[in-house]
Amino acid sequence: MKNIDWRYVLRLGLIAGVVVAYVSAIGVLVTFNSRSIVAGVLTLGQLILYIAPLWAGYLVGKKVLADGGSYLESLLSGLGVGVLSMVPVLGLIILPHALLPNLRRIFVNISPDLITLLTFQQESLLSGSLLLVGLMTALGLVGSATHLIPTQVRRPLAIALLWVVLVGMFSELLIQILRPLNRTLVTTFFQGNALKSNIALALFAITAALNWIVTSQRETVKTQIKQLPSDYQKGLYIASLVLVFILFMLLPRVVGSFLSEVLVNVGLYILMGLGLNIAIGLAGLLDLGYVTNFAIGAYIMGVLTSTSSLGRGQLSFWVVIPICIVSAMITGFLLALPVLRMRGDYLAITTLGFGEIIRLLALSDWLRPLIGGAQGIVFIPKPAIFDFVFGTSSQLYYIVFFGCLLVLFVSVRLNNSRTGRQWMALREDEDAAKAMGIDTIQTKLLAFTLSAASGGLAGAIFASKLGTIFPNSFDLLVSINVLALIIVGGMGSIPGIMVGALVLIGLPELLREFAEYRLLAYGVLLIVMMLARPEGLIPSEIRQRELHDEEVISTVENPSA
Amino acid sequence: MALLEVNDVHTYYGNIHALKGISLTVEEGEVVCLIGGNGAGKTTTLRTICGLLRPRQGSVLFRGHDIIDFPPHTLISKGIAMVPEGRGVFAKLTVTENLELGAYYRQDKEGIKKDMENVFSLFPRLRERQKQLAGTMSGGEQQMLAMGRALMAQPRLLLLDEPSMGLAPVLVEAIFDIIQTINKDGVTILLVEQNAHMALQVGHRGYVLQTGEIVLSDTAKALQQNATVQKAYLGIE
Ligand SMILES: Nc1ncnc2c1ncn2[C@@H]1O[C@H](COP(=O)(O)OP(=O)(O)OP(=O)(O)O)[C@@H](O)[C@H]1O
Ligand SMILES: [Mg+2]
């Protein structure tokens with residue numbers, strides 16, 4: 001007993017409890033309950049309900065073991081958080097609901113649906129509540145019991161579980177993709193819009209086994225590849241690149257029009273993310289006005305190609321694209337001039353202002369004759385090559401894809417170049433960089449200018465994709481989104497940006513029916529990320545070092561791992 | 001012609017008159033020490049020489065050319081490298097990355113490789129720590145890294161601002177030994193120190209700075225014998 005930190009158990013248990021009560025009271029559970037993951041077994045709402053005690057159990061179990069406790073003590077603490085995690089929801093929701101039915105007038109989300117959900121359709125509230133307490137306690141226990149399983153086994157199991165949840169959650173999309181190919185496939189795998197339970201079990205087993213094989217074989221395969229002659233290695237590398245390329249080229253055909261649309265949006269944000277990453281991730285310049293470049297690209301595309309009365313020139317998309325990029329770069333350069341001497345917070349606030357100025361300019365009556373004010377610009381044609389029009393999302397996908405490839409190539413080259421090192425030094429210490437012979441003024445200007453380029457490109461594609469643009473598409477939220485995806489993905493990390501865009505832009509599109517909780521989820525995600533993994537999902541090597549200095553010094557692993 | 005010639009330099013921080021007409025010379029191949037108490041203006045002098053501060057009056061000649069109008073980042077390619085007070089290593093970068101940045105302005109890959117090897121043989125400790133983050137190294141190791149990084153620029157004149165600050169006596173001696181080695185390899189050194197005792201042992205000549213003015217200048221030997229210096233900076237009554 002002496003190794004259990006009861007205050008920690010109490011704290012975590014109550015945190016988990018508050019989370020459960022909160023998601024219940026604001027209606028998240030009921031809304032998300034409509035999405036079924038495994039037919040008849042698990043819904044998204046239930047999953048959210050279960051995660052808190054499971055996670056809390058996992059954490060206390062880990063802590064107790066790290067403090068030198070026995071497995072029994074760790075299980076006991078898991079049991080404790082499990083029980084505690086139910087106290088608030090019982091006390092705040094179920095009991096008052098039973099005693100004071102009028103409560104619903106105030107808390108509209110405490111509906112009979114919620115209560116049925118929380119009490120598992122039991123007739124009597126008492127037996128339902130007991131069932132809930134029992135289940136949550138068990139989940140806390142299971143959370144702490146995960147430490148009994150060796151890591152090599154636990155990881156594949158966790159990953160397999162994640163796969164089942166993902167596949168189940170997006171069953172509807174998969175069904176849409178599969179149905180045209182083979183109808184029986186759909187009926188064998190899915191029931192309604194969820195996985196069949198036996199299929200879910202099979203999927204779990206298969207992914208777990210696959211993951212186990214992959215992780216156990218990875219090292220040997222790696223060393224085998226290393227032993228190959230370098231020509232072979234190179235060939236293998238190129239072959240895998242080609243394979244990935246082909247996969248991406250086939251993607252829109254496979255996934256259908258809705259997912260293509262999502263991919264196009266994700267792609268536009270990847271473009272912007274890669275651009276802003278140059279300023280923030282590489283050069284350390286916190287630019288909060290990135291939307292400026294996006295707006296410049298979009299409006300120039302609009303004005304120069306539109307067939308409406310505002311259109312000037314009605315040039316071709318392909319002619320205007322370079323103009324958009326160059327204009328964004330010029331703007332980036334000009335806006336960098338006044339902020340050259342600013343650092344950190346001051347730079348952030350000033351650039352934030354620039355972003356707003358652009359939106360207000362677009363809205364203003366003054367520029368109305370040129371760019372349409374609040375009415376925006378309409379009749380922007382889709383891109384076309386001769387007679388082929390990139391009309392649908394599955395076609396626009398290719399333009400975005402090649403745009404991303406181009407910017408990706410440039411980013412990687414820059415990252416490993418002399419310029420990349422200049423930025424690295426600038427980010428670390430401006431004065432020391434000067435002493436090394438780095439022209440910091442020129443370096444900053446270059447960062448802002450290059451960073452703007454792909455924002456202009458994204459804006460241009462965005463304008464002709466939508467066909468109409470309005471000032472309100474260019475608000476602060478765009479800058480924030482781009483910044484957030486960089487942070488979530490991993491500052492300065494190029495793969496991180498892609499993952500960040502998928503998670504922050506792609507996922508919300510796929511969870512459209514929960515749109516009202518979108519910002520909430522966003523906030524939760526950011527907070528959790530900052531606490532649990534501040535370096536991002538796929539951190540760059542340098543960032544990881546920065547945030548985990550201590551761990552480099554003391555490489556003591558926790559005993560459970 | 002002296003390698004470095006500072007003539008009647010006046011430097012201000014806003015209204016604070018930090019340097020009140022400093023003049024000094026450093027000949028090719030010398031180790032010249034600049035000693036003085038806290039706030040005397042030693043750091044200010046070095047920052048003025050390497051262009052981080054602009055004097056209101058006076059001139060700084062390097063190999064006969066006035067360098068006052070040159071921005072700081074251009075001086076390293078002219079042959080002036082500085083190891084700033086508090087070392088100024090890139091804390092989040094590795095030892096190797098720091099050294100590479102020291103050679104930033106150079107293009108000759110082969111030469112850079114050779115110099116990296118030289119730095120490692122001068123500071124074997126750095127070789128062992130190539131992959132370590134500069135910020136996690138001990139104070140002495142960081143000082144070695146800062147000096148090594150400055151050497152990567154192949155300077156003709158090395159400005160050192162209190163290299164012994166905060167180091168254990170054994171390390172202080174090691175650092176001063178290395179300063180002598182570097183000097184024997186042909187690098188001229190302007191050394192700012194509070195540890196006047198050690199500085200005057202490795203230096204050829206010295207200047208004594210007091211509240212922004214040079215109050216004494218002589219050979220290192222003579223300064224060691226000088227009664228005022230002994231009393232004020234060497235702790236000899
Ligand atoms: N950035 C600054 N702003 C205003 N005053 C400054 C600034 N830097 C230095 N000073 C002042 O200029 C004078 C000379 O400072 P300097 O740093 O050159 O002293 P120092 O001889 O290097 O002292 P130490 O041995 O303590 O490093 C001091 O009075 C100091 O307060
Ligand atoms: Mg000083």
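Numbered from 1 within each chain, the chains take letters A, B, ... in sequence-line order.
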Is the shortest side-chain N to carboxylate O distance from B/E117 to B/R127 below 4.0 Å?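 The answer is yes: the pair qualifies as a salt bridge.
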Any salt bridge linking B/K92 with A/E428? Criterion: basic side-chain nitrogen under 4.0 Å from a carboxylate oxygen.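 Judged by the 4.0 Å cut-off on N to carboxylate O distance, B/K92 and A/E428 do not form a salt bridge.
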If contact means a heavy atom pair closer than 4.5 Å, which residues of residues 215-233 of chain A contact chain B?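 Residues qualifying by a heavy atom under 4.5 Å from chain B are absent, so none.
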Sorted by number, residues from residues 430-437 of chain A in contact with chain B (heavy atoms, under 4.5 Å):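 Interface residues of residues 430-437 of chain A: A/A432, A/A433, A/K434, A/A435, A/M436, A/G437.
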Checking [X] side chain against [Y] main chain: does a donor-acceptor pair fall under 3.5 Å?
X      : Y      : result
B/Y13  : B/A18  : no
A/S451 : A/G275 : yes
A/W423 : A/T443 : yes
B/T96  : B/Q130 : yes
B/N7   : B/S59  : no
B/Y105 : B/A153 : yes

What are the residues of residues 26-48 of chain B, in order of number, with any heavy atom under 4.5 angstrom from a heavy atom of chain A?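 When heavy atoms of chain A are the reference, residues 26-48 of chain B contributes no residue within the under-4.5 Å range.
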With chain A as the partner chain, list the residues of residues 63-80 of chain B whose heavy atoms fall under 4.5 Å from it, by residue number, and write 'none' if nothing qualifies.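 Result: B/P72, B/H73, B/I76.
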Parallel, tilted or perpendicular: which describes the rings of B/H17 and B/H10, with under 30° parallel and over 60° perpendicular?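 If you compare the ring of B/H17 with that of B/H10, the planes turn out tilted.
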Decide if atom CZ of B/R125 counts as having more than 12 heavy atoms of other residues, nucleotides or ligands within a radius under 6.0 Å.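 Atom CZ in B/R125 is not packed in, count stays at 12 or less.
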Count the heavy atoms of every other residue, nucleotide or ligand shown that sit under 6.0 Å from CZ of A/R418, and state whether that count exceeds 12.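 For A/R418, atom CZ is crowded (more than 12 foreign heavy atoms under 6.0 Å).
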Any chance you could lay out the side-chain contact (heavy atoms from CB on, under 4.5 Å) test for B/I182 and B/L122, step after step, and finish with the verdict? CA-CA 9 Å; B/I182 295 171; B/L122 207 52; 3.8 Å; yes
Specify the closest pair of heavy atoms between A/I538 and A/S493, including all atoms of both residues, with the distance to one decimal.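 Closest approach of A/I538 to A/S493: O-OG, 2.6 Å.
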